[in-house]
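Contents: one structure, followed by commentary.
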Amino acid sequence: FNLFRQQSRTFAILYRMHHKFKKFVPKPDQKPLEKILLQLEANIFPWFKEPNQIQKLMETYKGRGIVTTTGNKHFKVALNVILSLRNVIKCTLPIEIVFRGSDDLSQENAKILSSLPGVTLVDANQIFQFKDDDLPEGCAFKPFAILASSFNEIIFIDADNLFFQ
């Protein structure tokens, strides 16, 4: 884990430097660093489906919202959390529910969740590619849900949280 942390930190520094200063550097001179960044991204973050996925995700991050994860197993408690947020707490923030494909969340349950006002479903399989033995579950999936979100500022809520007023 320490090596991953160091590699991620190095990537972040190079990435920020490149994007901060690229307006000052002629386009042809940017290519070598862009190539290095793409190679680093592929080696450090092999679960991204496409090259340059970090840049693509960062371009989509906007606004504030709530992120949660659910599948069929926790569907009812996730539905309860959303209804509590909307009807009891009167929260109007948009909500994104991240799941891992149709094996994780049935079409019927997805249809119910997506019919709720201000709720969007995000299929993490469209962003990440995991090998079957590397598929993160439970708490290990939460950082991926945050990455897959379209929000710049996030409140992550577990599907089994309770809210009181």
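Ser8 and Ile44 get closest at one heavy-atom pair: OG-CG2, 3.9 Å. Residues Leu147 and Tyr61 approach most closely at O-OH, 2.7 Å, considering heavy atoms.
Under the rule for a side-chain contact (heavy atoms from CB on, under 4.5 Å), the partners of Ser84 that lie at least two apart in sequence or sit in another chain are Asn80, Phe163. For the ring-ring contact (aromatic ring centres under 6.0 Å, His included) test, no residue two or more places apart in sequence or in another chain qualifies with Phe151. Contacts of Arg16 classified as side-chain contact (heavy atoms from CB on, under 4.5 Å), with partners at least two apart in sequence or in another chain: Ala12. A search for ring-ring contact (aromatic ring centres under 6.0 Å, His included) contacts involving Tyr15 returns Phe11, His19, not counting sequence neighbours. For Ile66, the side-chain contact (heavy atoms from CB on, under 4.5 Å) partners two or more places apart in sequence, or in a different chain, are Leu85, Cys91, Leu93, Ile95, Ile155, Ile157. In this view, Asp158 and Lys142 satisfy the side-chain hydrogen bond (donor to acceptor under 3.5 Å, both in side chains) rule, not counting sequence neighbours. Partners of Asn72 under the side-chain contact (heavy atoms from CB on, under 4.5 Å) rule, at least two apart in sequence or in another chain, are Leu105, Ser106, Asn109. Annotation: side-chain hydrogen bond (donor to acceptor under 3.5 Å, both in side chains) contacts of Glu96 (sequence neighbours excluded): Ser149, Ser150. Under the side-chain hydrogen bond (donor to acceptor under 3.5 Å, both in side chains) criterion, Glu153 pairs with Arg64, not counting sequence neighbours.
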request  = Show your reasoning for whether side-chain contact (heavy atoms from CB on, under 4.5 Å) applies to Gln55 and Asn52.
outcome  = CA-CA 6 Å; Gln55 177 65 32; Asn52 205 22; 3.2 Å; yes
inquiry  = Checking Glu41 against Ile54 for the side-chain contact (heavy atoms from CB on, under 4.5 Å) test, could you report, in this order, the C-alpha distance in whole Å, the side-chain angles of both residues, the deciding distance, and whether it holds?
reply    = CA-CA 8 Å; Glu41 180 180 307; Ile54 289 178; 3.7 Å; yes
request  = Take Leu38 and Lys35, measure what side-chain contact (heavy atoms from CB on, under 4.5 Å) needs, and give me the verdict at the end.
outcome  = CA-CA 5 Å; Leu38 286 172; Lys35 186 176 180 181; 5.8 Å; no
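In this structure, Asp123 and Phe128 have side chains that are not in contact, with every pair of non-hydrogen atoms separated by 4.5 Å or more. Within the 4.5 Å cutoff, side-chain heavy atoms of His18 are placed close to those of Leu33. Residues Leu37 and Glu34 form no side-chain contact, since every pair of their non-hydrogen atoms from C-beta on lies 4.5 Å or further apart. Put simply, the side chain of Ile82 reaches to within 4.5 Å of the side chain of Ile97, judged on heavy atoms.
Note: Phe99 CZ to Thr70 OG1 = 10.5 Å, rounded to the nearest 0.5 Å. In this structure, the separation between NE2 on His74 and CG on Leu79 is 14.0 Å, given to the nearest 0.5 Å.
One hydrophobic cluster, built from ILVMFWY side chains closer than 4.5 Å, holds both Phe48 and Ile36. Follow the hydrophobic side-chain contacts under 4.5 Å out from Phe144 and you reach Ile146 in the same cluster. Under the 4.5 Å side-chain contact rule for hydrophobic residues, Ile154 and Ile127 share a cluster. By the rule that hydrophobic residues join a cluster once side-chain heavy atoms approach within less than 4.5 Å of another member, Val88 and Val81 end up as members of one cluster. By the criterion of side-chain heavy atoms lying less than 4.5 angstrom apart, applied directly or through intervening Ile, Leu, Val, Met, Phe, Trp or Tyr residues, Leu40 is grouped together with Met58 in one hydrophobic cluster.
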Indicate every side-chain donor-acceptor pair of residues 113-122 with a distance under 3.5 Å to a residue at least two apart or in another chain.
from   : atom 1 : to     : atom 2 : distance (Å)
Ser114 : OG     : Ala110 : O      : 2.9
Ser114 : OG     : Lys111 : O      : 3.2
Ser115 : OG     : Ile112 : O      : 2.7

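Sorted by first and then second residue, the salt bridge (charged side-chain N to carboxylate O under 4.0 Å, His left out) pairs involving residues 43-61 (not counting sequence neighbours) are Glu50-Lys56. Counting only residues at least two apart or on different chains, no salt bridge (charged side-chain N to carboxylate O under 4.0 Å, His left out) pair has a member in residues 70-89.
The aromatic rings of Phe45 and Trp47 sit perpendicular, their planes meeting at an angle over 60°, well past the 30° parallel limit.
For Asn87, the CG atom counts as densely surrounded, since its 6.0 Å shell holds more than 12 non-hydrogen atoms of other residues, nucleotides or ligands.
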